[in-house]
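To start, the structure under review is shown below, and the notes come after it.
Predicted model, so just to flag it, every value in this text is computed and none were measured. Side chains included, hydrogens not; waters and symmetry mates left out as well; all remaining heavy atoms used. Every chain is numbered from 1, with letters handed out A, B, ... down the list of sequences.
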Amino acid sequence: MTLPTEIPLQAYLVLAAVLFCVGVWGLINSRNAVRVLMSIELMLNAVNINLMAFSSYLDGQLIRGQVFAIFVITVAAAEAAVGLAILLSLYRNRETVDMERFNLLRW
Amino acid sequence: MTIASTTQQICFAVLSLTLVVGAFGVVLLPNIVYSAFLLGGVFLSVAGLYLLLNASFVAAAQILVYVGAVNVLILFAIMLVNKREDLSAIPGLAVRRLLSALVCAGLFVLLVRVAFTTPWALPGPASIGEEATARIGEHLFSDYLLPFELASVLLLMAMIGAIVLARRDVFASDVITGEPADQGLLEKARTPLLTSKP
């Protein structure tokens with residue numbers, strides 16, 4: 001069996017797909033609110049891997065994907081800060097981090 | 001960065017293995033502290049993948065922002081809300097997990113199929129390699145100047161919002177009832193405003 005000399009683009013895409021699907025599953029099934037935020041970070045990283053792979057393989061001269069990845073990292077940092085602040089405030093009021101008990105706005 | 005293709009493949013295999021194992025550990029481990037540390041491992045291996053893709057600046061930004069800031073923030077949040085609580089059982093939890101796993105597997109199959117059937121315009125233009133950092137700087141100060149400035153405004157808004165949301169109340173009396181407010185710490189039980197019946 002001979003391996004291809006270069007890592008194919010599809011290898012990065014499949015890896016990002018695995019990471020994204022694991023993130024979606026964790027987002028749906030986590031009962032701890034902190035773990036939900038972690039799953040969102042996983043999904044954002046999967047998207048970033050895609051952007052970087054496309055930027056390196058298809059847009060080697062004007063690496064626009066890398067600029068986009070930097071913006072995604074910025075927005076992810078802001079999202080993490082605000083999300084954890086909301087979580088702290090929620091914990092102060094409800095005294096739990098169980099997602100099943102955050103049902104104040106649920107029909 | 002040019003390294004031998006065998007070395008590149010070994011690095012890619014090791015990094016993707018740590019990435020996948022770490023990601024599964026983040027969502028499956030029962031102890032949330034282990035999950036947070038594994039998340040740091042996932043971020044580090046993603047930074048390694050960026051290095052394989054000739055993107056040293058984004059790899060450094062990934063390590064600084066994700067491992068240095070986001071992961072530490074998550075660890076602090078775990079430390080602040082780390083109350084041992086027994087989650088009440090929910091009927092049909094196993095069915096829900098199985099169904100969502102099926103949906104995620106379907107999404108994965110779809111993504112893999114798209115990745116393998118799309119005719120990508122390969123090989124693209126040659127990679128500029130070490131010039132990437134200078135090119136990112138040119139982009140940020142010419143055609144991506146407006147998003148760059150908007151990102152700074154967004155970060156300022158997020159900072160102020162996080163402070164407003166997470167700070168302790170410093171009112172001397174409760175705004176709603178008028179009785180003196182308890183200035184308890186976060187861990188101490190306070191009069192919950194929104195608690196419904198458990």
Side chain, backbone, both or neither: which part of B:Phe76 has an atom under 4.5 Å from a heavy atom of chain A?
neither

Inspect the contact between A:Arg64 and B:Glu138 and indicate whether a charged nitrogen and a carboxylate oxygen are less than 4.0 angstrom apart.
no

How far apart are the closest heavy atoms of B:Ala55 and A:Met52, and which atoms are they?
CB-CE, 3.2 Å

Result for side-chain contact (heavy atoms from CB on, under 4.5 Å) between A:Val18 and one of B:Val112, B:Val20, B:Leu111 points to B:Val20

No-hydrogen, no-angle side-chain donor-acceptor test under 3.5 Å, A:Ser56 and B:Asn54:
no

B:Leu140 portion near chain A, given a 4.5 angstrom heavy-atom threshold:
side chain

Quick check on B:Ala69 against chain A: is it the side chain, the backbone, both or neither that has a heavy atom closer than 4.5 Å?
neither

What part of B:Leu73 is in contact with chain A, defined as an atom under 4.5 angstrom from a non-hydrogen atom: side chain, backbone, both or neither?
both

Heavy-atom cut-off 4.5 Å, strictly under: side chain, backbone, both or neither for B:Ala36 against chain A?
both

Tell me if the centroids of the rings in A:Tyr12 and B:Phe12 come within less than 6.0 Å of each other.
yes

Ignoring hydrogens and geometry beyond distance, is a side-chain donor-acceptor pair present between A:Asn45 and B:Gln62 at under 3.5 Å?
yes

Classify the angle between the aromatic ring planes of A:Phe68 and B:Tyr144 as parallel (below 30°), tilted (30 to 60°) or perpendicular (above 60°).
perpendicular

